[in-house]
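All residue numbers in this chain count up from 1 along the given sequence.
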Amino acid sequence: MERAATMTRASQSLSSTVYNSRLSSHTVCARNTTAPPSTSATGSRRRPGRVTLNTPASSREHLGGKTLSAFNSRRNKQTATGRVTSVNVTSFQRSPTAVVRKEDSEESGKIGVLLLNLGGPETLDDVQPFLYNLFADPDIIRLPDALKWAQKPLAFALSGARAPKSAEAYASIGGGSPLRRITDDQADALKSSLVGRGLKDVHVYVGMRYWYPFTEEALEAIKQDGVERLVVLPLYPQFSISTSGSSLRLIEEIFKTDSYLKSLKHTVIPSWYQRPGYLEAMADLIQNEVDKFRTPGEAHIFFSAHGVPVSYIEEGDPYKEEMEQCVDLIMSELKNRGVENPHTLAYQSRVGPVEWLKPYTDDSIKELGSKGVKSLLAVPISFVSEHIETLEEIDMEYRELAEESGIQNWGRVPALGVEPTFIDDLADAVIEALPYVGAMGPDTPELVPSGPVQDLLATYDRKRLGLPAPVTVWEWGFTKSAETWNGRVAMVAVVMLLLIELTTGHGVLSGFQ
């Protein structure tokens with residue numbers, strides 16, 4: 001796995017908290033509204049002010065791209081912290097194409113859409129610097145203040161040590177990641193869909209977290225183009241601080257230091273796993289692959305999601321809940337089509353000594369093989385583009401493991417890419433989000449609210465404190481698992497090696513020069 005970040009517990013109810021709509025303020029206040037932020041007769045936006053999340057049901061049908069009609073039955077309980085404890089799903093209904101308001105058409109100024117993704121090395125020579133960028137992020141490897149100076153030397157050491165093995169993996173899929181090319185294709189397709197829906201002056205940008213085009217480059221282009229309203233759309237169906245959250249943290253930092261961006265009206269669509277078009281597209285792809293098996297009814301549908309450390313979930317990351325709900329919704333739609341195959345959800349790409357979400361993909365494949373499953377259809381559920389984790393980890397490593405485990409028939413659902421139903425649904429999400437640019441979205445039972453970057457992150461970091469690392473290296477004592485304890489010991493050992501390197505001139509780093 002080549003990503004990680006941090007998370008704090010969401011300590012307030014998402015259905016009643018009131019958020020300030022301006023990026024520069026943390027103020028929480030109470031004011032009711034029953035409509036999206038208002039516009040003038042000429043189409044120019046008024047200052048949105050402070051917006052509560054209490055709106056009528058008609059307004060709740062669209063929340064920054066979240067079509068709540070995807071659920072025929074609503075979630076039936078929320079805890080005092082706004083966390084969902086159960087959900088009933090039967091089927092979803094595809095909403096009609098989103099209608100562009102007059103004020104969102106060409107006379108309203110330039111509209112920008114920023115697609116966020118992780119990025120990946122495009123050549124084998126890019127592998128080591130890509131990994132360096134990853135490990136140099138203090139949200140990936142968090143050191144105590146006294147050791148902040150060691151961040152870059154540590155990133156250099158880790159990237160150098162890991163690069164050869166990672167390069168082998170990228171070589172096996174053609175010498176580099178196709179993620180940039182596919183994301184560019186998605187951006188082009190999304191723009192075409194938006195223009196076809198009536199948004200004439202719209203620009204779509206791609207911002208990668210750890211490789212070109214970097215998020216910083218995308219934001220600079222947004223400034224140069226004079227974008228007046230911005231919709232930020234992470235290309236991760238489910239929200240996690242380790243993916244969307246990491247990119248949003250970076251955007252927040254940049255906004256704070258740039259006068260143009262600080263005043264730019266924007267909103268974030270943090271997750272969209274329950275959108276009807278996404279669910280329909282996923283169900284279509286799965287059904288197509290199921291039908292390819294000699295005995296379709298015997299194919300076990302195996303959802304493999306990118307894992308995150310358990311500590312993230314314990315601290316409030318909604319990723320696991322959103323992932324489980326996503327799978328439930330997809331299987332519900334398949335059942336309505338007469339596809340009632342058994343299914344499993346497991347988590348892949350764990351790395352390091354800490355405990356990750358279970359069940360693990362490799363363990364689950366072995367278990368299914370031992371139970372006599374002969375046909376397995378792998379579904380990469382947390383990815384919308386082909387990359388190293390689908391092309392190498394699933395297609396090669398897990399397929400080989402499945403064959404060794406006695407599974408005779410293997411299939412794999414392709415990533416969504418530029419599938420038309422999926423792209424058109426993203427376009428609808430953007431259009432639905434435009435009325436809420438600059439303000440939080442309306443009341444919703446969703447785990448993650450839409451809204452400006454800072455307000456969204458404040459949901460998880462209420463006191464604006466630094467997010468804790470999954471393994472806090474300067475805390476001591478026995479923990480919930482021996483894995484966490486071992487991780488702390490390993491991190492201390494790495495820091496000690498770096499100290500030796502700096503004081504003697506010999507050690508880990510010398511081997512990579």
Side-chain angles (χ1 to χ4, degrees), residues 67 70 89 91-95 115 117 173 178-179 181-183 185-186 189-190 193 233 235-238 271-306 322-348 361 364-365 373 375-396 398-399 402 407 409-429:
T67 305
V89 292
S91 64
F92 65 83
Q93 298 176 350
R94 181 74 187 275
S95 62
L115 302 181
N117 216 327
I173 64 170
L179 188 59
R181 172 181 54 80
I182 295 172
T183 308
D185 290 343
Q186 290 170 329
L190 177 59
S193 185
L233 177 58
L235 287 177
Y236 308 102
Q238 306 83 17
S271 66
W272 34 269
Y273 66 94
Q274 75 288 52
R275 286 197 59 84
Y278 166 74
L279 297 171
E280 180 181 334
M282 287 298 299
D284 287 344
L285 292 177
I286 293 171
Q287 187 172 15
N288 289 340
E289 296 302 318
V290 165
D291 290 342
K292 294 178 182 179
F293 284 87
R294 179 173 299 178
T295 309
E298 296 180 359
H300 192 102
I301 300 174
F302 188 85
F303 293 93
S304 188
H306 196 114
E322 291 199 353
M323 183 60 69
E324 291 172 351
Q325 292 162 15
C326 178
V327 170
D328 286 344
L329 287 167
I330 293 172
M331 291 307 302
S332 176
E333 169 59 14
L334 288 171
K335 183 177 180 180
N336 290 338
R337 301 181 182 193
V339 180
E340 300 190 49
N341 298 50
H343 74 279
T344 295
L345 168 62
Y347 298 90
Q348 68 181 82
T361 293
S364 296
I365 290 175
V373 171
S375 299
L376 192 70
L377 176 62
V379 183
I381 187 61
S382 50
F383 316 109
V384 298
S385 304
E386 301 291 356
H387 64 303
I388 190 71
E389 293 178 38
T390 60
L391 300 173
E392 195 272 339
E393 192 169 4
I394 293 180
D395 287 354
M396 299 180 187
Y398 291 143
R399 179 171 185 170
I407 295 172
N409 306 304
W410 170 273
R412 204 264 281 179
V413 172
L416 286 165
V418 292
E419 199 280 333
T421 301
F422 164 60
I423 294 295
D424 288 344
D425 197 52
L426 287 185
D428 287 345

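Here the straight-line distance linking atom OH of Tyr273 with atom CD of Glu324 works out to 10.5 Å at 0.5 Å rounding. Distance check: Tyr278 OH to Ile330 CD1 gives 4.5 Å after rounding to the nearest 0.5 Å. Atom CD1 in Ile394 sits 11.5 Å away from atom CD1 in Ile388 (nearest 0.5 Å). Atoms OH and OG, from Tyr236 and Ser382 in turn, are 10.5 Å apart once rounded to the nearest 0.5 Å. The distance from atom CG of Leu376 to atom CZ of Phe302, rounded to the nearest 0.5 Å, is 6.5 Å. In this structure, CZ in Arg275 is found 4.0 Å from CG in Asp425, a value given to the nearest 0.5 Å.
Among residues two or more places apart in sequence or in another chain, the side chain to side chain donor-acceptor pair (under 3.5 Å) test is passed with Gln238 by none. Remark: Ala402 engages Ile365, Ile407, Trp410 in a side-chain contact (heavy atoms from CB on, under 4.5 Å) (not counting sequence neighbours). Among residues two or more places apart in sequence or in another chain, the side-chain contact (heavy atoms from CB on, under 4.5 Å) test is passed with Val290 by Ile286, Pro296, Ile301, Asn341, Leu377. Evaluation of the salt bridge (charged side-chain N to carboxylate O under 4.0 Å, His left out) rule for Arg412 yields Glu386, Asp395 as partners, not counting sequence neighbours. With sequence neighbours excluded, the residues that form a side chain to side chain donor-acceptor pair (under 3.5 Å) with Ser304 are Gln348, Thr361. Applying the side chain to side chain donor-acceptor pair (under 3.5 Å) test to Glu340 and every residue at least two apart in sequence or in another chain returns nothing. Annotation: ring-ring contact (aromatic ring centres under 6.0 Å, His included) contacts of Phe422 (sequence neighbours excluded): Trp272. Taking the side chain to side chain donor-acceptor pair (under 3.5 Å) definition, one finds that Asn409 meets it with Ser375, sequence neighbours left out. Asp185 is linked by a side-chain contact (heavy atoms from CB on, under 4.5 Å) to Arg181, Val418, counting only residues two or more places apart in sequence or in another chain.
Pro178 has its side chain within reach of Leu391: a pair of non-hydrogen atoms, C-beta onward, lies under 4.5 Å apart. Between Ser385 and Leu235, the closest side-chain pair of non-hydrogen atoms is not below 4.5 Å. Under the 4.5 Å side-chain criterion, counting only non-hydrogen atoms from C-beta, Met331 is not in contact with Lys335. Side chains of Met282 and Ile381 form a contact here, defined as non-hydrogen atoms less than 4.5 Å apart. Under the 4.5 Å side-chain criterion, counting only non-hydrogen atoms from C-beta, Ile182 is not in contact with His387.
Looking at every heavy atom in both residues, Ala305 comes nearest to Leu345 through CB-CD1, 4.2 Å. Of all the heavy atoms in Ser193 and Ala427, the pair that sits closest is OG-CB, 3.3 Å. Closest approach of Pro380 to Thr390, counting heavy atoms only: CB-CG2, 3.9 Å. Smallest separation of non-hydrogen atoms from Glu393 and Glu389: CB-O, 3.4 Å.
Leu334 pairs in a side chain to side chain contact (heavy atoms under 4.5 Å, CB included) with only one of the listed residues (Val339, Leu279, Asp284), which is Val339.
The salt bridge (Lys or Arg N to Asp or Glu O under 4.0 Å) analysis of residues 292-302, with sequence neighbours excluded, yields the pairs Glu289-Lys292. Screening residues 327-347 for ring-ring contact (aromatic ring centres under 6.0 Å, His included), with sequence neighbours left out, gives no hits.
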